[in-house]
Protein chains: 2
Amino acid sequence: MRLSTKGQYGLRAALDLADRYGEGPVPLNTVAEREEISEHYLEQIMGQLRKAGVVTSIRGAQGGYQLSRSPEEITAAEVIDALDGPMVPVECLSDDGGCKRSSFCAAQNLWKRLADAMDSVLGSTTLADLVEENRQNRGNEDFMYFI
Amino acid sequence: MRLSTKGQYGLRAALDLADRYGEGPVPLNTVAEREEISEHYLEQIMGQLRKAGVVTSIRGAQGGYQLSRSPEEITAAEVIDALDGPMVPVECLSDDGGCKRSSFCAAQNLWKRLADAMDSVLGSTTLADLVEENRQNRGNEDFMYFI
DNA sequence: TTAATTCCAACCAAATCACTCGGGATTCTT
DNA sequence: AAGAATCCCGAGTGATTTGGTTGGAATTAA
């Protein structure tokens, strides 16, 4: 059970934008370069994020992408859902997929707990949280480095 | 991010065996029938579970499969790992996959938390837990039914 | 006007998934 | 010893998904 690279790249790109929130639009190619993601592929990803309302774009020269809201207001779940669909571990939990065995399926209890656990992590972690954590880590590392 | 049907079927089959633990070997076709899984496909799945030490098999007439240990001693994680490999949400967390960005990757903190959350559910839930919960549910349902 | 950018749709190779098929090996029952 | 019930194994397969690439059109700042 792996997350697609799309979801991973998308989150990295979103974090890249979060780190520069408020500094104006960032062109796609600089994000692609910093994050080492194929430019054309990232284009598709940003398109999805735009349609989902996570980022906004400005076309033309000096254009680029930026987060649509402040990083505190965007959860990891929102980014990943936009790219990979909702993170539900098995089909039978999703609204329409309901399987006829559900009334007596012992496994379903497990999937529910698993889905809850995943939700609570992704839904409660914002881009700001991750950027902040990372700044602190980097800080400590630099500190270590110079001793 | 979906679990493969293999993992789902495998868990269902394991729970089926857990429900009958101590009653001797159960032939594959009866499990397949009760759980509505293709017999040949389930055969492959049971093969993997056997190699992983989750079930044992007895060949020949009157043979079949049974859990290798009591359901209290088998976690959901063990079953799923045997079939789909470890449930790690992204490659860069797995031992050998370590990516070079890890030292400054803000996303990785999220994946770690997600992996921990998943682990703690799957690693702490045993087959016995699920069978027991299910028996209670079924009990309540029957109760409701006859009022 | 030109260069920088986003936007869009089609295409593609490789991998994975969810099975199926066919037959061999083993063991119980009679 | 024969036959039936089982597990064991490896190969094949069609559909879908993944992880992109290609090529070009539209928009806008300088």
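In the text below, chain A, chain B and the rest are named by the order of the sequence lines, each starting its count at 1. Note: hydrogens, waters and symmetry copies are ignored here, and every other heavy atom, side chains too, is used. Remember, predicted model here, so these are calculated numbers, not experimental data.
- Look at CD on B:Q62: it is 18 Å from P on D:dG3, rounded to the nearest Å.
- Between A:E132 and A:Q136, the side chains place a donor N or O and an acceptor N or O closer than 3.5 Å (distance only, hydrogens not considered).
- Between B:S57 and D:dC8 there is a side-chain N or O to OP1 or OP2 distance below 4.0 Å.
- The distance from atom CG of B:L42 to atom C1' of D:dC7 is 12 Å, rounded to the nearest whole Å.
- The distance from atom OH of B:Y65 to atom C1' of C:dT26 is 13 Å, rounded to the nearest whole Å.
- Residue B:T5 places at least one side-chain N or O closer than 4.0 Å to OP1 or OP2 of C:dA18.
- When the shell of 6.0 Å around CD of B:E33 is examined, it contains 12 or fewer heavy atoms from other residues, nucleotides or ligands.
- The distance between atom CE of A:M1 and atom P of D:dT17, rounded to the nearest whole Å, is 17 Å.
- At least one side-chain nitrogen or oxygen of A:S38 sits closer than 4.0 Å to the OP1 or OP2 atom of D:dT21.
- Of the candidates C:dA3, C:dC28, D:dC7, D:dC7 carries the atom nearest the B:R59 side chain, counting heavy atoms from C-beta on.
- Remark: B:Y41 is not in phosphate contact with C:dC21, judged by side-chain N or O atoms under 4.0 Å from OP1 or OP2.
- Minimum atom distance to the side chain of A:Y9 is reached by D:dG20, of the listed D:dG20, D:dA29, C:dG22.
- In this structure, the CG atom of B:D84 is 9 Å from the P atom of C:dA18, given to the nearest Å.
- Whole-Å rounding puts the B:L3 CG to C:dT16 P distance at 16 Å.
- Across every non-hydrogen atom of B:L83 and B:G10, the tightest pair is CD1-CA, 3.5 Å.
- Close to D:dC9, at under 4.0 Å from its OP1 or OP2, lies a side-chain N or O of B:R50.
- In this structure, CD of B:Q44 is placed 10 Å from P of C:dT20, rounded to the nearest angstrom.
- Looking at B:E78 and B:R69, a side-chain N of the basic residue comes within less than 4.0 Å of a carboxylate O on the acidic one, giving a salt bridge.
- Mapping A:I58 and A:E43 onto DNA chain D via the closest heavy atom, the residue that lands nearer the 5' end is A:E43.
- Using modelled atom types, one finds no donor on one side chain facing an acceptor on the other under 3.5 Å when comparing A:K6 with A:Q44.
- Atom P of nucleotide C:dT26 and atom CG of B:L28 are separated by 19 Å, given to the nearest angstrom.
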